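Notes follow the structure.
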Amino acid sequence: MKLSSKYTPQEYEKDIYALWEASGAFSPKGKGDPFTVVMPPPNANAGLHIGHVLFVGIEDTVVRYERMQGKRVQWIPGADHAGFETQVVYEKQLAKEGKSRFDFTREELYDQVFDFVAGNRERFNDIFRQLGASCDWENFHFTLDQNTIDVAYSTFEKLWKDGLIYRGERLVNYCTEHRTGFADIEVEYQEQNSPLYYMQYGPFELATTRPETKFGDTAVAVHPDDERYKKYIGQTIEVEGINGPFEIVVVGDEMVDREFGTGVVKITPAHDFNDWEVAQRHNLQAKRVINHDGTMNHEAGQFEGMTIADARKAVVKALKEKGLLLRIDEKYKNRVGKCYKCGTQIEPMLLDQWFIDMKKLAKPAIKALKDKKIEFYPEAKRAQTIEYLQNVKDWNISRQIAWGIPIPAFQNVDDPDEWIFDTQVEQHTIEKDGKTYRRDPDVFDTWFSSGQWPFITTGYPNNKDTYPTQLMETGVDILYQWVARMICLGLYVTGKIPFEQVYLHGMMRATDGTKMSKSKGNVVDPMPIIDEYGTDALRLGVLAGRSAGESAAYDPSKVVAGRNFCNKLWNVARYIESVIGDSKVKPEAKPKSVADYWVLHELQQASELMQKSMADYRFSEAYETVYHVIWDSVADWYIEASKQSKNEAMMAYVLDTILRLAHPFAPFVTETIWQTLRWTGDSLLISQKWPKVGKSKKSEAAVFTDIQAIVAEIRLIKGELKLKKTSLYYADSKTLDEYGELVKGLAGLDGVSKVEDGNGLHLTQTDHKAWLDIDRETREHYASQLKTQREELEKRLEGLQKRLDNESYVKNAPKELVKETRDELKETKSSIERVEAEIKRYA
RNA sequence: GGGUGAUUAGCUCAGUUGGCUAGAGCAUCUCGUUUACACCGAGAGGGUCGGGGGUUCAAGUCCCUCAUCACCCACCA
């Protein structure tokens with residue numbers, strides 16, 4: 001097959017992927033140890049972004065590498081219904097049609113979103129194919145599959161029976177725009193200007209940022225040791241309000257900061273987390289004044305029906321008129337919770353919700369983490385996870401949305417305190433023992449089901465081979481939301497850790513190093529890049545120079561490097577194939593020339609080094625190794641040397657080997673080449689084994705290294721002196737006797753000849769008596785350069801000598817190191833002598 | 001207010017348990033059409049590894065401290 005001089009990924013990628021998929025290469029095979037990776041299920045509705053390329057790139061590289069190591073690999077793909085996220089997207093679409101989710105029942109909405117998502121999901125899977133993901137499509141899982149729901153229900157039931165789940169009225173983070181509660185870690189905080197209003201409150205002056213909630217006040221709090229107010233504690237005071245006087249109790253609580261404001265706080269338990277806790281401690285009543293839609297309720301009197309913002313203005317105005325407003329600190333700033341989707345201020349809202357008692361679930365997880373049952377990449381994230389779990393709060397898993405798994409709980413219509421577990425969620429009401437129960441209309445937080453993803457997707461306990469999984473690869477941004485919860489739930493349900501290793505990748509930042517965001521318009525779209533450079537190039541570009549847990553900018557120049565690398569590989573293949581031609585050569589590691597021995601050694605080293613790097617998930621280093629062994633060792637030296645004497649079987653072996661080494665990183669181009677090779681038959685590279693390159697003969701390889709040194713020096717001199725034509729002469733050199741032609745070719749000389757003696761520019765970097773035939777004038781010009789060379793060498797010598805003069809060094813440093821230093825000293829000395837001799841000749 | 005991470009060449013970043021001349025890609029400069037590749041070849045320049053201190057025979061790497069940036073966590077009304 002004739003290959004064009006440039007690799008054009010667009011022509012091959014699609015077919016190559018289809019070839020893999022049709023051959024069943026993605027499903028687990030063989031009797032090796034299992035290596036199971038569960039893909040973090042992408043949002044079934046999301047568009048492709050460069051973060052997907054990063055995670056697919058990492059996971060696919062690992063998975064392909066492990067497959068080549070002979071492991072029984074399964075990479076389980078999936079899609080996340082992403083409850084709230086997806087519903088928000090759908091709501092936007094509804095809004096365009098002038099509709100709202102509140103125009104439909106939850107059932108209607110669920111069906112609509114389901115159809116909406118179904119189409120997107122297929123499209124998304126195709127994109128993952130385009131990215132080269134070698135995942136087991138036959139084991140695709142969706143977070144709304146019946147199986148997922150079944151497992152989620154049985155976990156819920158187990159939690160219920162074990163008393164680890166409870167329903168209660170609690171203050172919950174609530175978005176009045178989306179009308180649903182959130183878990184504490186889903187809230188984003190922003191610093192903002194919040195005017196601080198000082199008002200007269202009975203005998204007190206107090207400061208508040210939320211005057212509109214005063215109708216919900218059920219106490220006033222001061223610090224128990226505050227001399228100014230101590231006497232009021234426990235008393236009921238009379239307060240003049242907007243609508244006349246009312247009575248309120250004064251409590252003493254350490255939560256109050258005496259330094260802040262006036263040291264007096266009004267307590268509004270239904271609308272503030274701190275106040276709620278104070279209320280618990282002092283048995284105070286909670287009085288709601290805000291409705292779920294963000295308007296004031298009847299408790300607010302004449303302000304009923306107003307939005308929170310309007311009510312605040314109106315209340316301030318009314319206070320002013322009554323003379324109750326003392327002053328306003330306009331400059332005050334505080335941190336305010338925001339809905340991470342719409343930016344609406346989060347309201348602490350009193351809601352009946354299901355909570356998981358996380359303290360109990362966290363305990364074994366913390367132990368497993370401390371005992372290092374799970375390896376972390378980067379390791380520092382372990383401590384962070386432990387820290388989080390030690391302070392974890394109970395997890396609110398109720399969501400007031402349609403798109404999700406219905407909560408399998410029913411409430412007795414006659415006794416609101418009686419709840420029963422039942423999975424007949426398609427029913428609104430059920431009858432049991434003569435009593436009528438009504439279904440909880442809420443759905444689970446998406447993370448409740450995805451937190452069980454490892455044992456759901458692997459089919460545990462029916463399939464014990466693939467659980468615990470080996471690796472969980474995901475973004476650092478969801479360490480708490482996902483990774484921590486998977487560990488807790490995994491241990492709770494299965495008694496086992498869900499994965500042995502966690503690799504957390506950092507975030508892809510924009511080209512300018514800032515965070516990518518739609519509003520900033522700096523989001524990088526991978527599609528045009530793939531169209532231009534190919535998938536391999538983008539994957540390489542995104543993987544290059546990246547380390548675990550670190551966010552780094554998207555750098556287009558690295559994609560260019562990736563593209564160039566693919567092209568280099570392509571041309572290496574083209575050349576070797578052209579040499580082999582139609583002959584029936586098979587790859588054989590049978591070295592003949594010193595170059596053969598040398599390249600074998602290089603390949604052996606690279607293969608080993610890559611295995612070391614990959615074992616620690618140091619992708620950047622593994623990629624660099626394969627990049628340089630192919631580009632520098634094979635293309636620049638071996639192929640050039642092979643132009644002097646060709647060993648076809650060996651060349652085939654080299655090509656065969658580098659394709660294997662590069663395959664996990666550049667799957668498409670390597671497989672494309674593999675398919676053009678004569679000796680590979682119908683086989684697929686994806687299913688080949690990692691190359692085991694045997695040790696090479698050191699002495700033979702060393703001859704080539706020596707030749708490289710000669711060539712390098714000649715090239716340097718030629719470059720410095722801008723010599724176009726020159727020949728090499730030598731006396732007494734076995735190496736040059738034998739490899740003169742090779743040196744001539746590699747160094748671009750006109751000739752290499754043996755003579756008795758002669759004049760010219762002597763090489764100083766090798767032991768060989770060799771010189772370039774250069775006229776006197778040019779030689780003298782070079783003399784000055786020799787002087788700087790001598791200076792450098794002398795500096796070097798000084799350093800080495802100093803080190804060896806240091807007794808502690810000789811005593812304490814490893815013997816090998818000291819020996820190396822001695823050898824180096826010797827070499828440096830003889831180098832100096834040679835340079836010195838040259839300088840003298842011109843003096 | 002706590003915590004974590006970062007600070008290495010012009011830019012984007014690597015650098016495993018401390019080991020000697022600190023690397024890569026891209027960019028820059030010089031030269032080059034020798035039977036793969038200009039998405040190329042041969043060479044060059046460019047870094048007191050954020051500042052200061054310490055431990056050690058030896059520090060980009062370990063410890064302390066300061067500075068700047070980023071992220072996470074926390075109940076300041």
Side-chain angles (χ1 to χ4, degrees), chain A residues 3 5-7 185 189 194 196 206-210 221 255-257 259-262 264-268 272-278 334-335 378 380-381 383-384 387-388 391 476-477 479-480 506-507 509 511 513-515 533 537 541 544-547 549-579 612-613 615-616 618 620-621 623-624 627-628 635-636 639-640 643 712 715-716 718-720 722-724 745 747-748 792 795-796 799-800 803 806-814 816-817 820-821 824:
Chain A
L3 304 175
S5 73
K6 281 191 172 70
Y7 171 58
I185 55 175
Y189 290 90
S194 309
L196 191 58
L206 59 73
T208 180
T209 54
R210 302 208 57 187
M255 164 275 242
V256 179
D257 177 357
E259 309 295 317
F260 188 90
T262 58
V264 184
V265 189
K266 70 189 194 65
I267 300 298
T268 323
D272 184 282
F273 288 103
N274 287 321
D275 295 2
W276 171 259
E277 280 174 23
V278 172
N334 65 351
R335 275 161 57 84
K381 295 291 167 192
Q384 232 167 288
E387 169 81 12
Y388 166 73
N391 300 304
V476 267
D477 55 331
L479 177 60
Y480 302 148
M507 299 295 103
R509 287 207 295 251
T511 314
T514 61
K515 216 173 179 173
Y533 296 100
R546 214 164 264 275
S547 54
E550 289 302 322
S551 297
Y554 165 71
D555 182 356
S557 75
K558 287 182 177 168
V559 178
V560 169
R563 188 269 318 261
N564 295 353
F565 174 66
C566 292
N567 195 242
K568 178 55 83 173
L569 200 47
W570 183 255
N571 276 291
V572 166
R574 236 161 49 92
Y575 179 74
I576 292 179
E577 288 187 62
S578 76
V579 168
K612 267 187 203 156
S613 305
D616 291 334
R618 297 202 302 265
S620 181
E621 288 167 67
Y623 170 45
E624 211 170 292
Y627 181 98
H628 288 289
D636 290 346
I639 285 188
E640 289 310 314
K643 286 175 183 172
R715 283 172 176 171
L716 183 73
K718 280 182 71 184
E720 295 277 339
K722 302 203 193 320
L723 303 174
K724 296 230 162 151
E792 276 170 22
K795 233 190 238 166
R796 181 100 192 286
L800 293 166
R803 207 177 308 155
N806 182 342
E807 279 174 34
S808 311
Y809 173 72
V810 179
K811 215 171 96 188
N812 297 324
E816 259 188 39
L817 196 62
E820 258 175 54
T821 314
E824 233 176 301

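To find a chain, count down the sequence lines: A is the first, B the second, and so on, and within it residues start at 1. Only a predicted model underlies this, so the values are computations on that prediction, with no experimental measurement involved.
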Which nucleotide in [options] has an atom nearest any side-chain atom of [X]:
X: A:R618; options: B:rU30, B:rU16, B:rC75; answer: B:rU16
X: A:E640; options: B:rC37, B:rG19, B:rG5; answer: B:rC37
X: A:Q384; options: B:rC76, B:rC26, B:rU4; answer: B:rU4
X: A:A561; options: B:rG25, B:rC76, B:rA36; answer: B:rG25
X: A:K568; options: B:rC76, B:rG41, B:rC73; answer: B:rG41
X: A:K724; options: B:rC37, B:rA74, B:rG32; answer: B:rG32
X: A:S557; options: B:rC26, B:rC75, B:rA42; answer: B:rC26
X: A:R509; options: B:rC13, B:rG5, B:rU21; answer: B:rC13
X: A:Y809; options: B:rC57, B:rC76, B:rC39; answer: B:rC57
X: A:H628; options: B:rA24, B:rC57, B:rU12; answer: B:rA24

Taking the [atom1] atom of each, how far is [N] from [M], in whole Å?
N: B:rG19; M: B:rU7; atom1: C1'; value: 24 Å
N: B:rC26; M: B:rA59; atom1: P; value: 33 Å
N: B:rU17; M: B:rG41; atom1: C1'; value: 40 Å
N: B:rG50; M: B:rG10; atom1: P; value: 13 Å
N: B:rC13; M: B:rA58; atom1: P; value: 34 Å
N: B:rG52; M: B:rA44; atom1: C1'; value: 36 Å
N: B:rA9; M: B:rG23; atom1: P; value: 14 Å
N: B:rC64; M: B:rA22; atom1: C1'; value: 25 Å

[N] base / [X] side chain donor-acceptor hit below 3.5 Å:
X: A:K722; N: B:rC31; result: no
X: A:R574; N: B:rC37; result: no
X: A:K6; N: B:rA36; result: no

Touch check for A:D477, heavy atoms < 4.0 angstrom, all strands: base, sugar-phosphate only, or nothing?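 The answer is nothing, as A:D477 stays clear of every strand by at least 4.0 Å.
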List the steps, then state whether salt bridge (charged side-chain N to carboxylate O under 4.0 Å, His left out) holds for A:K795 with A:E792. CA-CA 5 Å; A:K795 233 190 238 166; A:E792 276 170 22; over 6 Å; no
For A:N334 against A:S194, the heavy-atom pair lying closest together: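 That closest heavy-atom pairing would be OD1-OG, 2.5 Å.
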Which heavy-atom pair separates A:T262 from A:L206 by the least distance, and what is that distance?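 For A:T262 versus A:L206, the nearest heavy atoms are OG1-CA, 3.4 Å.
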Roughly, in whole Å, what's the span from [atom1] in [X] to [atom2] in [N]?
X: A:K381; N: B:rC73; atom1: NZ; atom2: C1'; result: 12 Å
X: A:E720; N: B:rC31; atom1: CD; atom2: P; result: 14 Å
X: A:M507; N: B:rC72; atom1: CE; atom2: P; result: 10 Å
X: A:D616; N: B:rA14; atom1: CG; atom2: P; result: 16 Å
X: A:L479; N: B:rU4; atom1: CG; atom2: P; result: 15 Å
X: A:N571; N: B:rC40; atom1: CG; atom2: P; result: 9 Å
X: A:R335; N: B:rG1; atom1: CZ; atom2: C1'; result: 11 Å
X: A:L800; N: B:rU21; atom1: CG; atom2: P; result: 7 Å

Determine which nucleotide pairs with [N], using a 3.5 Å limit on both distances of a Watson-Crick or G-U wobble pair.
N: B:rU7; value: B:rA67
N: B:rG18; value: none
N: B:rU30; value: B:rA42

Side-chain heavy atoms of A:R546 within contact of A:Y623, under 4.5 Å: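 Not in contact.
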Determine whether A:Y7 and A:R563 make a side-chain contact, defined as any pair of heavy atoms from C-beta on separated by less than 4.5 Å.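 No, side chains not in contact.
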Centre of A:Y627's six-membered ring, under 6.0 Å away, within 45 degrees of the axis: is that where NZ or CZ of A:K568 sits?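 Negative - A:K568 is either too far from the ring of A:Y627 or too far off its axis.
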Within the supplied structure, the quantity of interest is the number of heavy atoms (other residues, nucleotides, ligands) at a distance under 6.0 Å from A:K612 NZ; does it exceed 12?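 No, not enclosed.
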I'd like to know if the side chain of A:K558 reaches the main chain of A:G545, judged simply by a donor and an acceptor atom lying under 3.5 Å from each other, with no hydrogens or angles considered.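 Flag not set: sc A:K558 to bb A:G545 has no pair under 3.5 Å.
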Using heavy-atom distances to pick each residue's nearest nucleotide on RNA chain B, tell me which of A:V560 and A:A712 is more 5'.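 This one resolves to A:V560.
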Here's a test of your reading of the structure: between A:V265 and A:A635, which maps to the more 5' nucleotide of RNA chain B?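 Checking each residue's closest nucleotide, the 5'-ward one belongs to A:A635.
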